[in-house]
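Please read the structure below before turning to the comments.
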Amino acid sequence: MSSLINLICLLIAFVGNLSISQLCQPNRIITAVNGQLPGPTIRAREGDTVVVHLVNESPYSMTIHWHGIFQRGSQWADGPAMVTQCPFQPGGNYTYSFNVTGQEGTLWWHAHFSFLRATVYGALIILPRGGAKAYPFAKPDKEEQMALLTGIPAGPADAYTINGKPGDFYHCSAMRNLCEPIRKNETYLLRIINAALNTPLFFKVANHSFTVVAADACYTTPYKTDVVVVGPGQTVDALMVADAAVGRYYMAASPYDSGIPSGPPFSKTNATAVLEYAGGPNTTLPPALPQLPQFNDTDTADRTWPTVPLAVDTRMFVTVGMGVADCQPEQTLCNRSRTMFASSMNNESFVPPRSTSMLEAHYSNATAGVYTRDFPDQPPVVFDYTADASNNATMQYTTKSTKVRTLRYNETVEMVLQNTRLIAKESHPMHLHGFNFFVLAQGFGNYNQTTTAPQFNLVNPQERNTVLVPAGGWAVIRFIADNPGMWYMHCHFEAHLDLGLGMVFEVQDGPTPDTSLPPPPKDLPQC
Ligand SMILES: *[C@@H]1O[C@H](CO)[C@@H](O)[C@H](O)[C@H]1NC(C)=O
Ligand SMILES: *[C@@H]1O[C@H](CO)[C@@H](O)[C@H](O)[C@H]1NC(C)=O
Ligand SMILES: *[C@@H]1O[C@H](CO)[C@@H](O)[C@H](O)[C@H]1NC(C)=O
Ligand SMILES: *[C@@H]1O[C@H](CO)[C@@H](O)[C@H](O)[C@H]1NC(C)=O
Ligand SMILES: *[C@@H]1O[C@H](CO)[C@@H](O)[C@H](O)[C@H]1NC(C)=O
Ligand SMILES: *[C@@H]1O[C@H](CO)[C@@H](O)[C@H](O)[C@H]1NC(C)=O
Ligand SMILES: *[C@@H]1O[C@H](CO)[C@@H](O)[C@H](O)[C@H]1NC(C)=O
Ligand SMILES: *[C@@H]1O[C@H](CO)[C@@H](O)[C@H](O)[C@H]1NC(C)=O
Ligand SMILES: *[C@@H]1O[C@H](CO)[C@@H](O)[C@H](O)[C@H]1NC(C)=O
Ligand SMILES: *[C@@H]1O[C@H](CO)[C@@H](O)[C@H](O)[C@H]1NC(C)=O
Ligand SMILES: *[C@@H]1O[C@H](CO)[C@@H](O)[C@H](O)[C@H]1NC(C)=O
Ligand SMILES: *[C@@H]1O[C@H](CO)[C@@H](O)[C@H](O)[C@H]1NC(C)=O
Ligand SMILES: [Cu+2]
């Protein structure tokens, strides 16, 4: 089958009086895309070219990230502000163009500048070339899949939402969140996206179970479960058979936080939508409720898949966590204590450059003053990363920097992501741009190579673009650096990203034009 060009136009604008008035804040004005929350779903088939024309009528500078798209040959379209491009200005417009090749399933798009992704996001669905009948699992009856997003608008007091609405369990929600009626015995493909800024979520449907078939647009060995866990940035595709009694059921999303009791406060509410069978009796009885796990139910959250490995060229051991840093010159509010909260990887707290994007600096060999190539492969000291006793001022101290790790084209990288107990106990959903990685292992405590490496599973890879590094624990990932360019790796908690929990891989060109970074588009926004 031939590929298509999908031309999509997105208008980013200030919108008032959207259904957002349900979120306990009547008449709030938000930034929305095409007047919708979530923004429009982009549907393509594998091999298609997606061309998105953006017109920015909001008062904010903007970039859009196509979360999980590899961007091979279109590196300039990845989107993170100051890493691959300067933002485009209010009143401006920009056209992103990229191919969706070698990926199928559910991805999404979101703003990648400041906190704008709270409302500027939508689903990006890639069907097989042959359409739904080419899925590697039984074709669902319902071709029209349900794109679900759980999101939380900025602000700690706000609600969780499913498709932009909080549902029945908030006093302020005037309107019931209803799905399209479903039909008895039909199979539905649910595309679950965690678009929340800062919260991993449980997802359940009362009296129904799922067969998980994909995660982050990678097919998985199918497995049955009655609860799905999704970290911010992650997606899960799950089949659901409408095999319960004809009636009404809640689907619900509730927070998961393994960091209790030292994590930051978060809302322990739940977002719901009502799932109704067609042809049921007309009733005012409340829908059936699912039994949601408790927010600290680590056992449930850890029912994950096994893993994979390959030969390794570069091994990195990287601590991820919170800390403090010296006040920066521009932070006048920070005078008194002379330090401020920061977060870091291997004690390097990432600061994006201001004058030009890192990809432009890389391309033009003009990196001086933009970034340095000394991101370390180990933390500065080996210590008991997860012990309460390590949480002292010396260990918390980090420095602000813009450091990259340079990789040869095609290098295989193994990275141990070790969470620390500094300041807080929090999980970190670590997202890598430009690649998928294999998750080799995950666990609690301090990582031990001797005991863990023999247990890496070589058979059933869990392949992802975002891995939840548990509070007080670690994760091991591997990827092949076969995509030249500048690729951001960062925590997908917006608050942590803002504090510096990120670094950038600089992947050198390969031997051929095909394996080299192409020149920037002529209309790439300038800073
Ligand atoms: C995208 O696909 C089209 C059609 O196959 C091709 O002409 C174009 O070169 C591809 N672009 C990139 C960046 O690979
Ligand atoms: C996009 O911007 C260019 C100049 O930057 C302008 O000529 C054009 O009219 C704009 N298009 C839209 C649809 O706003
Ligand atoms: C649903 O499937 C069950 C079991 O196969 C069958 O008994 C029932 O009649 C079916 N109902 C409908 C409405 O198709
Ligand atoms: C749903 O499941 C609960 C137990 O989890 C059960 O008590 C209830 O009867 C079920 N409802 C329906 C409509 O099947
Ligand atoms: C959601 O939370 C409310 C209380 O805030 C509770 O009554 C309700 O049972 C919860 N819903 C689910 C599906 O657990
Ligand atoms: C259900 O009944 C109520 C009144 O009892 C009526 O207003 C409503 O239209 C009915 N809905 C359907 C779908 O029949
Ligand atoms: C979860 O939190 C509750 C209190 O909210 C506590 O009673 C329970 O022991 C905790 N469970 C775990 C596994 O920490
Ligand atoms: C911080 O220090 C600068 C210069 O010493 C001073 O002008 C400014 O008022 C101070 N800000 C606060 C919040 O104390
Ligand atoms: C950057 O440097 C490399 C090797 O030093 C050279 O091949 C390339 O042409 C340079 N690129 C630019 C844009 O100057
Ligand atoms: C701080 O923690 C480190 C690592 O656990 C430890 O070696 C050091 O002795 C601690 N310092 C103090 C002052 O407690
Ligand atoms: C990249 O590595 C793979 C094997 O890991 C090899 O098959 C391929 O030829 C390499 N490509 C280049 C351009 O070096
Ligand atoms: C790793 O585990 C082995 C076997 O239990 C133990 O001998 C070794 O000391 C551990 N290494 C570290 C760094 O804790
Ligand atoms: Cu984080």
Side-chain angles (χ1 to χ4, degrees), residues 168 178-179 181-186 188 202-210 224-228 240-252 254 262 270 272-294 297 300 315-325 339 342 344 346-347 376-399 414-425 440-456 471-476:
D168 294 350
L178 275 175
C179 304
I182 61 169
R183 294 189 176 279
K184 174 79 179 169
N185 288 354
E186 287 197 335
Y188 294 82
F202 288 117
F203 178 81
K204 273 194 96 156
V205 178
N207 298 74
H208 290 76
S209 61
F210 311 113
K224 282 185 89 78
T225 180
D226 64 353
V227 60
V228 164
M240 187 191 81
V241 181
D243 56 4
V246 169
R248 299 193 306 153
Y249 302 88
Y250 275 118
M251 61 171 66
S254 66
S262 337
N270 54 64
T272 50
V274 178
L275 195 68
E276 194 164 21
Y277 278 68
N282 186 350
T283 170
T284 51
L285 287 175
L289 275 169
Q291 196 67 45
L292 285 165
Q294 275 202 296
D297 188 344
T300 298
R315 283 179 206 279
M316 300 174 72
F317 183 94
V318 179
T319 53
V320 295
M322 312 304 287
V324 296
T339 60
S344 68
N346 275 351
N347 258 35
D377 286 353
Q378 280 92 34
V381 288
V382 173
F383 65 103
D384 188 347
Y385 309 104
T386 50
D388 287 350
S390 303
N391 186 23
N392 59 51
T394 313
M395 304 317 296
Q396 287 169 2
Y397 187 76
T398 72
T399 46
E414 180 180 294
M415 194 186 221
V416 176
L417 292 156
Q418 172 70 59
N419 209 330
T420 69
R421 191 266 169 265
L422 303 175
I423 312 271
K425 289 181 188 167
L440 301 192
Q442 272 166 295
F444 288 97
N446 296 329
Y447 177 72
N448 184 325
Q449 174 83 13
T450 316
T451 52
T452 309
Q455 291 169 22
F456 292 163
W474 46 267
V476 187

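We count ligands from 1, going down the list as the structure has it; atoms in each ligand are counted the same way. Scope of the values below: all heavy atoms of this structure, side chains included, with no hydrogens, waters or symmetry mates.
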Quiz item: Roughly how far apart are Thr319 OG1 and Phe383 CZ, rounded to 0.5 Å?
Solution: 6.0 Å
Quiz prompt | Nearest-contact summary for atom 10 (C) of ligand 10 - protein heavy atom, Å | solution = Asn392 ND2, 2.4 Å
Quiz item: Is Ser390 in polar range of ligand 10, meaning some N or O pair under 3.5 Å apart?
Solution: yes
Quiz prompt | Arg315 and Asp377 ion-paired at < 4.0 Å | solution = no
Quiz item: Any non-hydrogen protein atom below 4.0 Å of atom 7 (O) of ligand 4?
Solution: no
Quiz item: Is there a donor-acceptor pair under 3.5 Å between the side chain of Asn347 and the backbone N or O of Pro380?
Solution: no
Self-check item: Polar side-chain atom of Arg248 near backbone of Leu285 as donor-acceptor pair, under 3.5 Å
Solution: yes
Quiz item: At what distance, to the nearest 0.5 angstrom, does CD1 of Ile182 lie from OH of Tyr277?
Solution: 4.0 Å
Quiz item: In terms of residue, atom name and distance, what is the protein heavy atom nearest to atom 4 (C) of ligand 12?
Solution: Thr451 CG2, 3.7 Å
Quiz item: Mind checking whether Phe317 and Tyr447 have parallel, tilted or perpendicular rings, split at 30° and 60°?
Solution: tilted
Quiz item: Could you state the interatomic distance from CG (Leu422) to CG (Asn391), rounded to the nearest 0.5 Å?
Solution: 5.5 Å
Exercise. Using a strict cut-off of 4.0 Å, indicate which atoms of ligand 10 neighbour a heavy atom of Ala389.
Key: 2 (O)
Practice problem: Could you list which atoms of ligand 10 come closer than 4.0 Å to a heavy atom of Phe383? | Solution: 4 (C)
Quiz item: Near Met395, which atoms of ligand 10 are under 4.0 Å from a heavy atom of that residue?
Solution: 1 (C), 2 (O), 3 (C), 4 (C)
Quiz item: Tell me: protein heavy atom nearest atom 14 (O) of ligand 12, and distance?
Solution: Asn448 ND2, 3.6 Å
Quiz item: In the protein, which heavy atom is nearest to atom 2 (O) of ligand 4, and how far is it?
Solution: Asn207 ND2, 2.3 Å
Quiz item: Does any N or O in the side chain of Asn270 come within less than 3.5 Å of the main-chain N or O of Ala252, such that one atom is a donor and the other an acceptor?
Solution: no
Quiz prompt | Numbered atoms of ligand 4 (with element) below 4.0 Å of Tyr249, judged on heavy atoms | solution = 13 (C)
Quiz item: Relative to ligand 10, is Ala387 under 4.0 angstrom through side chain, backbone, both or neither, heavy atoms considered?
Solution: neither
